[in-house]
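Scroll down for the structure; my scribbles are underneath it.
All values below were derived from every heavy atom in this structure, side-chain atoms included, with hydrogens, water molecules and symmetry-related copies excluded. Quick note on labels: first sequence line is chain A, next is B, and so on, each numbered from 1.
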Amino acid sequence: MTPTGHSAEPTTEPVVRVRDLKITFPTMDGDVHAVDGLSFEVAPGGALGIVGESGSGKSATSLALMGLHRGTKARITGEISVAGTDIVSASDARIRELRGNDIAMVFQDPMSSLHPQYTIGNQLIEAYRTHRPSASTAEARARAVEALERVGIPDPAKRINSYPHEFSGGMRQRVLIAMGLVCEPKVLLADEPTTALDVTVQAQILDLLEDLRQDLGMALILVSHDLAVVAGSVDEVLVMKKGKAVERGDVRTVLSEPEHPYTQALLAAVPRVEVSRAQRRAEIRADRAAREGGSAAAPQPTGASVRPEKQESTTPGEPLLKVENVRQRFKVRGGMFGKASDFYAVDDVSFELYRGETLGIVGESGSGKSTLSRMIMRLLQPTEGRILFEGRDITKLPERQLRPLRRDIQMIFQNPYSSLNPRLTIGDSIGTALKVQGEKDGKLIKKKVQELLERVGLEPSHYNRFPHAFSGGQRQRIAIARALILQPKLVICDEPVSALDVSTQDQVLRLLSELQDDFNLTLIFVAHDLAVVRQVSDRVAVMRKGRVVEMSDGDSVYEDPQHEYTRQLLAAAPVLDPDEAKAHRAERARLRAEAKKAAASEGTAA
Amino acid sequence: GGNESGGGEASGSYDQGSTEIVNASDAKGGTLRYAMSSNVESMDPGNTYYGYMWNFSRYYARTLMTYNPEPGAASTEAVPDLAAEYPEVSDDGLTWTVKLREGLKYEDGSPIVAEDIKYAIARSNFGDQALPNGPKYFASLLADSDDYAGPYANDGDPLAGFNGIETPDDTTLIFHLKEPFADFPYVLVQPQSAPVPAEADRGEQYQTRVVSSGPYKFESDYSPGKGLTLVRNDQWDPETDPIRKALPDRITVEESVDQNEIDQRLVNGQLDVDLGGTGLGPAMKGQVLTDEAQKPFIDNPETGAVRYIAINNVVEPLDDVACRQAIMYAADHDALQRAWGGEVGGSIPTQVIPPAIAGHDPEIDLYPSEGNKGDAAKAKEKLEECGEPDGFSTNLGVRADRPTEVAAAEALQASLQNVGIKVNIKQYPSDTFTNTQAGSPDFVHENELGLNIYGWIPDWPTGYGFLSYIVDGDNIKDAGNSNISELDDPEINKLLDDVTKTTDPEEQAQIYSEIDRLVMESASILPAVFEKSVLYRPENLTNVYFHAGYAMYDYMALGVANTEQ
Amino acid sequence: MTAPLDAPESAQKAEPEAITEGVRNTANRSLRQIAWQRFKRDKVAMAGGVVVILLILTAILAPVLTKLFGYPPNEFHQNLIDPLTGGVLNDPNDPMSGLDKTGGISGDHLLGLEPVNGRDLFSRIVYGAQISLLVAFCATLLCVFIGTVLGIVAGYFGGWVDTVISRAMDIFLAFPLLLFAIALAGVIPDGAFGLTGNGLRVGVLIFIIGFFNWPYIGRIVRGQTLSLKEREFVEAARSLGASNTHILFRELLPNLVTPILVYSTLLIPTNIIFEASLSFLGVGINPPTPSWGGMLSNSLQYYTTSPHFVIIPGLAIFITVLAFNLLGDGLRDAFDPRSSD
Amino acid sequence: MLTYILRRLGAGVLLLAIVTMVTFVIFYVVPRLAGQTTEQLATMYVGKAPTPEAIQATIDRLNLDQPIALQFWEFIKGIFVGAEYQFGRDIVQCSAPCFGYSFQTYQEVFPEIINRLPVTLTLGLGAGVIWLVGGVTVGIISAIKKGSIFDRLSMGVALAGVSMPVFFTGLLALAFLVHAWGIFPSPGYTPITENPLAWATGMILPWLTLAFLQAAQYARQTRAGMLETMGEDYIRTARAKGLKERTVVFKHGLRPTLTPIVTIFGLDIGLVLGGAVLTEQVYSLNGIGRYAVQAIVQSDLPVILGVTLFGAFFVVICNLIVDLLYAWVDPRVRVSG
Ligand SMILES: Nc1ncnc2c1ncn2[C@@H]1O[C@H](COP(=O)(O)OP(=O)(O)OP(=O)(O)O)[C@@H](O)[C@H]1O
Ligand SMILES: Nc1ncnc2c1ncn2[C@@H]1O[C@H](COP(=O)(O)OP(=O)(O)OP(=O)(O)O)[C@@H](O)[C@H]1O
Ligand SMILES: [Mg+2]
Ligand SMILES: [Mg+2]
Ligand code: NI
């Protein structure tokens, strides 16, 4: 270890200082100024959050701090000093000494950031011994076990011999953090460490980082695109847009009194779990009325406001969809012996859905939400149970007879990038539906498609463009148009906004809401984000491991959760208010302690 | 041939070995090294049809008769080997009696008896398990044997029912023929008359350990493709053998050596003889022929083979003699000769029987042309005559793995094109060519193979050996047919029958010339070359001379100068 | 053989989507445009492409070219040949003038003469290009056809269909290909399946090469299909009521065109070499139709007197294969989302 | 792990069975489809004296007049339990695995193959070592020094290498290196037990020729793989740990790069051991490949069948080894298998 900070006062000298950082990538289309004059500093033990939408230069900055742009074509100017070393001008050897030892980084994607062919232990020990060459293997091993223990990997002495693929995403992220910790660096740089993870796991990781910061006195730089994620974990926050800092300051101040319009818009778009469905709808309708009134000056027909009322007073009668005790079995090859074992992705789920109603389904990754959706769509055939649509049993209908039924049930998919065929024009993509349903008249198809394009907020002239020419939000609009062109009775939305950033998310949700009014849609809305679900659902079902653990009307799930798991989820949901975040953290700690007491082995990453 | 004697006496001069003995010597010892570009056909004397094996197998398999061990014309004479003297023929020409020499022994010291020779003939000629490779002259010539089912049919007495040969005692064989056959002694030259003890016979696998009757024996079991080493057989008594000099102590054979490699080693002195005996490959030929220093080591003898294009008499429109004659006129002989390697590859014939064989008539020249380039005008006339004035189209069969023949095919194609005859070349593997393609009349008709490139080396150097297989209408077979032209002319057939009953050589020769002329008139055979080989005669070899009987050096005479090796 | 064995791994990642994502700032240009721009800047690949086009033109225009610059491919010029060695004479009027070391290369005979028969090598090489390219192209088409259909079916349907087809691919890859091909060419008689002569030979060659090399394309297509199948647009199409055929050929196939194109370009040179190898081993086209492999096989006999006869057909193969490889490499790089520059 | 091995073994056996079947079909069924009669087939295989008796004998010996299934059964039976053949008065036991007797040499096919195996093994393994080591080394260096003179040069040569058919390189080497300039001795095989030096010098040119082609391919693949690996996230992680660039490249980068190379190597070496046809042909080495070509030219059916199967056997074995190796190198496949 190099005694850099010996004489200097650790409290006054910032451990990371960035001045007027500029990062430029030369590309075919000229230079990309990924970071353009960024400055910030982090005090020892301090915590800085860097927030910004995708492509705003967060990762580029993080990598620059580690000197990882060396050897690439990136041009870096400005000053970066980490633990007293000037990263821009230091020798390679010096930088290597610094990495992992003074500043460690936790990467965004836990799935690909660990070497698949070495054991966890091997990779941890390597990290330690690189900076402590004198340490014996046994010593390094002990340190590695200790680090794993600290990040909460159960039975670390044994799991140290596992390979990364034997770990879940959350555990891998922990391993990465452990790797960052083995040498007890002064700064831990976490670049979106939780983006790929579930809310509960995300909360655990954030709690872990917080604990470590407290215990080890490390400085933390937490990078995220989600303001709510950083809110509870940092002291200071930096909002980036297009490579520039638009706002920087104490986390409370920024969140409560954002100065820059960008920050304001960002904050406004964040879905809030405390806002109820009714409030939200009212808000949206008001906005719409104002907008349309303003632009077209046409009076809003009352029908739009009448229909929802009818729905809200839940009329019994014939349900549109009835799901009875469905189960879906998959055979999974497990372990070394390759014996196929049965695994129920959806296990005994029943519910009814009435016309005009919206059912929200929340649950963590792998809880069976998509599987359930696909069963209702009859993209999968349920192993057991029945599905009745308009009173007709569609559980075992063959593909041929299903085809006409496809008009009535449609689906919007999660990933706007992969749900559109990149080789078909969007017109074709949308028109396909009419074509396969037997419409032969090309002109008519085109006309219908163009009308719908206009309705979802796109230009009819986009008809002949390919999907790559659209942004994520626009693509999701196209996907919605495709689902609606057949004028279905039921639309299943499988995480339609998860892949979008907050502002786009907001737009799409509004659009859906409007369309529901206009087309009298019945919706099943699947998401993992509690706040989003609350805003759109009349009723909410919480899924866990294939089962529905709780189902009741939307607001009561949030305000008076019955099931333990629902409470966990709610406690884990990131919130914007730092104080509330603290409260949630405490609540989580309590839940964990309880769980431990119950000696249940649950609670670790699924 | 040139007469430069620049190479000095010791190493001979250009083409000297074709006519006289080069490096005469009696020095014994050393190793004589053979190599071969493919695998040896079979070491079993009863199961081979190639001249080089007939020549080579004599090291360990003595036959009743053999060729006269002398250079020049005398070499084609049959002389006694195991036989004590020239066979006696009865007046009706149907019974031939052969007496064996005294004191003949196998390598294990047991005596060679007449019955073993009878057995050897039985195994190679009779029954459905007869050895596949060799000729079947005995089967067709011997009387009272048609019902004999071969030696393996009867466990008790393998020769029971084989009445064509009598063995009244251990040293006498009496052959009974169906019809008189003047060339019979030549049949006895063939290695099938080498004795095989019945208890050692293992069918086709006998080749792994041939029981030696000659001066050399197998050092160890032979495994095909892996080469052979011969060592002296101490049971062989030179007194009983006027033929073999048996100079080297050891004889080695390597198989499947690349031809270029063989040639290179011959020139470098790392090898003594190319066992195949067909001469240098084209690459080395090109090199030595342009190198004056190498010339003295080269012999360029006629091999006795005729290379020709068989013109089919059945396939339309070639069933019309005029159409065939059109081809004879149109063919560019110069181009054909070039394909075979120019003057050193062969001379241009105008008849079928080569000069070395009695009956060759230089007068026959029915289709002359200027510079041997073909006579297009005459050819057109003939086409007119056969009713195809605009020419016609036919197919030409050729062995794909023989580049010279393919080149010849292309040459012929080009020259026939000039008169409007369109030729499509069809390639076949050489191993099945005689059995199932050119040699199967059905196949020929079906595929309209009007032309086939073929060659003939007589089984013995007489007009009969030469002609009977390729022009005798009685010899047309369903498979393995050699009369590819399907020439079936009663006059020719009759002459060939007559000649076997004639014993006077003069008279025979006259008949052969007559047949030759008839064949040429019928335009069934378009002779391309009387083949010549370019043999390399390494300095190390002694007693080298070209033997017309085998169309290669006489292997029994060879010795090595370096006896230390 | 030099088939692109590494393809499945990298190909799977070559999702066109990733390109537009990776180069967000160029999102307004299509993948093809991007690839074309990259390709244009790849001088070597461009050169390869130009040579390929020239070669194709050469093959098509063979009759014209030989008329202009050569002689009919089967015309003999034996007056220029030394009858003893088969080599080309220095002076055609003097048989003792010795051999021309260049094999008669001159303004008259651009690439010299073939030994023995003295046919014009330029013409034979040019006509040889016809056969080489014809066989290679058709065989590649066959590979692509079989490989695409089976690959897409295997990848899309999965399960036992996939198992069967994947095993079949393994089996084909496990065959001692060349041996098999010569053996097969040998057992098919001269006239069969309604074809004779060179028509049959070419047919057999195309069939053998195409039939044994399809797994290379098959594996790539299967891998691509597997990854495409995971994309939600397939599910979306299904939920619109599209049939399997529609999904396979209307939705998936357009996405496979690029990788198929790229790997076909890389398969062509493999097939050219394969064809040459078969001709070299003596199971090629019937004479006198020229083929490069056949010429090389003949040249074995004349390399002492006519070394040019080894070199010229060899170079013809080499240049052709190289050009296709360069082009294929270039295309692959151009379409590869990961290539940064 | 054991089940994994067993499963792979099972797949290998199945593969062999199918290869056998297909081979059989090609030689016994295709000619018939193409219109050949039993007699014509027998005549092809009968030898030089196609008398009617001999043809009939061949039909009997090969069961050519029996239904195809029975013929196949006889063939398979021979492989597993051996067969008996009559030679002269001798009944010869051809012990399992019996591929029958060569029509040309009347030798048992299997021992004949084994006899030639050393040549092919020497050629294949020798060249294999050279091309693997050479190709991978060049590939790595090129990847590390991307854009350098070395990289450009070696990739240029490699591209040329993959574009040159082995018979052309071989011919050039023979014509110039051996015959014209005499730099190399004439290629040929001497058993290593007889004279190790002659063994090596005789094989050096075939090794280099075969290895050149393959090495070129491996260099290209290694380079591409290495570049790809070096762009992976875990390499960034390794760098972020502060590892030396050397460690990053050789410990973290190399292993994933080599993993797919191993598979390809297995397939290639399997094919080469099954007969490096062209190389053996060009250099007249009496290995399995040349044996096969000769057999094919001579329509020596049992040999063709035997060699093809033997070649396929090698491919399967090598693939098996590679699969196991792969499971060892890459822990992920053990599960997914
Ligand atoms: N190697 C590179 N070459 C060219 N441009 C690059 C490179 N790396 C990043 N960029 C560009 O720089 C900008 C900033 O990228 P960066 O990865 O820092 O964004 P980010 O804020 O981390 O986004 P995300 O939330 O999606 O991770 C983007 O426009 C990106 O396209
Ligand atoms: N085809 C399949 N075969 C085997 N297992 C499957 C299959 N499809 C889904 N599963 C498993 O079923 C479980 C539920 O998956 P599902 O996709 O429904 O989860 P989800 O709730 O939609 O999760 P996410 O939020 O990640 O989309 C998961 O464990 C998944 O691995
Ligand atoms: Mg980022
Ligand atoms: Mg899902
Ligand atoms: Ni290859």
Side-chain angles (χ1 to χ4, degrees), chain A residues 59 62-63 65-68 70-72 92-119 122-124 126-131 161-166 175-176 179-180 182-183 185 189 191 332-339, chain D residues 1-11 143-148 225 227-263 323-337:
Chain A
S59 296
S62 314
L63 294 177
L65 287 180
M66 298 290 291
L68 283 170
R70 279 163 185 254
T72 70
D92 281 355
R94 174 71 198 117
I95 297 270
R96 277 203 300 272
E97 238 168 68
L98 208 71
R99 290 178 186 161
N101 196 23
D102 293 315
I103 177 165
M105 184 158 174
V106 179
F107 292 99
Q108 183 163 357
D109 187 357
M111 294 305 176
S112 63
S113 294
L114 284 168
H115 200 293
Q117 290 171 325
Y118 291 105
T119 59
N122 194 322
Q123 299 184 50
L124 282 166
E126 184 182 40
Y128 186 67
R129 296 197 63 186
T130 308
H131 299 288
N161 291 322
S162 307
Y163 287 94
H165 70 267
E166 294 164 314
V175 171
L176 276 169
M179 199 182 291
V182 278
C183 291
L189 180 55
D191 185 1
V332 283
R333 271 219 191 119
M336 295 239 168
F337 298 98
K339 248 182 261 145
Chain D
M1 195 69 194
L2 189 70
T3 13
Y4 176 76
I5 296 175
L6 285 179
R7 215 169 52 228
R8 291 276 114 187
L9 259 176
I144 296 174
K145 309 212 160 166
K146 189 184 172 203
S148 67
L227 287 178
E228 193 183 323
T229 311
M230 292 309 282
E232 295 282 351
D233 283 355
Y234 52 78
I235 294 295
R236 197 180 55 188
T237 311
R239 290 215 174 96
K241 281 193 234 179
L243 296 184
K244 287 204 185 64
E245 194 58 25
R246 201 157 21 109
T247 323
V248 173
V249 171
F250 288 102
K251 185 170 172 195
H252 292 253
L254 197 53
R255 192 161 160 183
T257 308
L258 289 188
T259 321
I261 302 271
V262 168
T263 327
D323 279 344
L324 299 182
L325 217 75
Y326 210 105
W328 175 65
V329 189
D330 192 340
R332 285 170 299 183
V333 295
R334 282 178 221 158
V335 186
S336 55

Non-hydrogen atoms of chain D under 4.5 Å away: do they reach the side chain of [X], the backbone, both or neither?
X: A:L68; answer: side chain
X: A:L189; answer: neither
X: A:A127; answer: both
X: A:L63; answer: side chain

Would you mind reporting whether D:H252 and D:K241 have side-chain heavy atoms less than 4.5 Å apart? yes

Could you tell me if the side chain of D:Y234 sits less than 4.5 Å from the side chain of D:P256, heavy atoms only?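 D:P256 reaches D:Y234 side chain to side chain.
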
If you count heavy-atom pairs under 4.5 Å with chain A, which of D:E245, D:R239, D:R236 comes out on top? D:R236

When you look at D:M230 and D:V248, which way does the side-chain contact (heavy atoms from CB on, under 4.5 Å) test go after all the steps? CA-CA 9 Å; D:M230 292 309 282; D:V248 173; 4.0 Å; yes

Applying salt bridge (charged side-chain N to carboxylate O under 4.0 Å, His left out), name anything that partners A:R70, two or more places apart in sequence or on another chain.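 For A:R70 the salt bridge (charged side-chain N to carboxylate O under 4.0 Å, His left out) partners, ignoring immediate neighbours, are A:D92.
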
What pairs with D:K251 under salt bridge (charged side-chain N to carboxylate O under 4.0 Å, His left out), at least two apart in sequence or on another chain?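 A:E126.
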
